[in-house]
Protein chains: 2
Amino acid sequence: MELLKDRIRRDGRVLGKDILKVDRFLNHQMDVSFISELGREFFRRFKDCGVNKILTIEASGIGIACLTATFFDVPVVFAKKNRTANLPDDMWMSRADSFTQGRTYDILVSREFLHPSDRVLLIDDFLANGHALSALIDLVAQAGGTVVGAGIVIEKTYQPGGTRIRERGVRVESLAQIQYMNEEQGVVFCPSDSAL
Amino acid sequence: MELLKDRIRRDGRVLGKDILKVDRFLNHQMDVSFISELGREFFRRFKDCGVNKILTIEASGIGIACLTATFFDVPVVFAKKNRTANLPDDMWMSRADSFTQGRTYDILVSREFLHPSDRVLLIDDFLANGHALSALIDLVAQAGGTVVGAGIVIEKTYQPGGTRIRERGVRVESLAQIQYMNEEQGVVFCPSDSAL
């Protein structure tokens, strides 16, 4: 998606070889009208899939998921990291390592909000090692629901998550795919935006 | 706001005297078209205040803030709890106790995203003891910006946060104000939705 790649070139900042900071428009300060355009693109790609629910994970996925959901007119469920005092006992639970935070989280969704009849679109900002996305897929599987696909804003294709998730048979649509990056050259995108 | 009070009566669940679970539509599963109506109401109340930025706090404020921002056509900044590996050193920082999680958090916003020229609308799902909201006000003050007000979905008026924040001179608009609640009677709202 050229709009996104242009924005990453303009406002993204590469730290070392692994960190792409997009906090000017995506995951700290959020350019809401821009993110709505990303949501419109997810809708274009998944609109014929019978999506009845969008599942994401706190925190940075939530805004993207909500703005995407306005096109689908479906509810968003966001998975929680850790257990908090007023969450019910009756949860689906999976586990994920966080690359950015260097720790492992329990990923939880109330059983009340994921059902066998659900056709779920997963939404997240980044796909790198795929731990968070795998955890979301596991939660839907536990509930007996169907994952219709995953809409990712930025995929780091040099990390194994995208390949692993696609090998599980899940359709992954990434709006920008990074081939590699470093501080000298900045971000180098894959030749095509299409699914690898 | 009657639409919200009706929804709380229908889908909210009271646990003990202090916990109102609204996870069916507001802060775990999110009814996006409903929350957009809350955003429209925040816009109606604050549209003449020159708002150029919405500030909220992860996680459950983010979706509400983003859907509200679509009416104002301004960016959202969400404050982060704790410090993560790829946040910059250059942060505004405050501190807040979490009622639901029983711990204290550092509340952080990059200095890049809050400026003296900012006219900030604060958005959050709950106002009870006011610790999170106070932390957000402090962050804006550190940056030299102006808080034009706070838009709160549900205020527990029997807890001291609302009074304390208003005594600081901040306009607080809560879409539903709870006078008291318990498992027998459910939620009892204040006679008027207007600011106390």
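All heavy atoms count here, side chains included; hydrogens, waters and symmetry mates do not. Here is how names work: the chains are called A, B, and so on, in the same order as the sequence lines, proteins then strands, and each is numbered from 1. Fair warning: this is a prediction, and the values are worked out from it, not measured in the lab.
Counting heavy-atom pairs closer than 4.5 Å to chain A, the top-ranked of the candidates Asp31(B), Leu67(B), Asp73(B) is Leu67(B).
Side chain of His28(A) to main chain of Val109(B): no donor-acceptor pair is present (N/O by atom type, distance under 3.5 Å, no hydrogens or angles).
In this structure, the portion of Val74(B) lying under 4.5 Å from any heavy atom of chain A is its backbone and not its side chain. Heavy-atom distances place the side chain of Ser33(B), and not its backbone, under 4.5 Å from chain A.
Residues Met30(B) and Pro75(A) are not in side-chain contact: their nearest non-hydrogen atoms beyond the backbone lie 4.5 Å or more apart.
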Exercise for the section: Go through the steps to decide whether Asp23(A) and Phe113(B) satisfy the test side-chain contact (heavy atoms from CB on, under 4.5 Å), and finish with yes or no. Expected result: CA-CA 9 Å; Asp23(A) 58 356; Phe113(B) 306 133; 4.0 Å; yes
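Using a 4.5 Å cut-off between side-chain heavy atoms of Ile, Leu, Val, Met, Phe, Trp and Tyr, with links allowed through other members, Leu20(B) and Leu3(B) fall into the same hydrophobic cluster.
Considering SG of Cys66(A) and CD1 of Ile62(B), their distance stands at 9.0 Å, rounded to 0.5 Å. If you take CD on Gln29(A) and CZ on Phe78(B), they are separated by 11.0 Å, rounding to the nearest 0.5 Å. Note that the CG atom of Asn27(A) and the CD atom of Glu58(B) stand 10.5 Å from one another [nearest 0.5 Å]. Taken to the nearest 0.5 Å, the OG atom of Ser110(B) stands 7.0 Å off from the NZ atom of Lys21(A).
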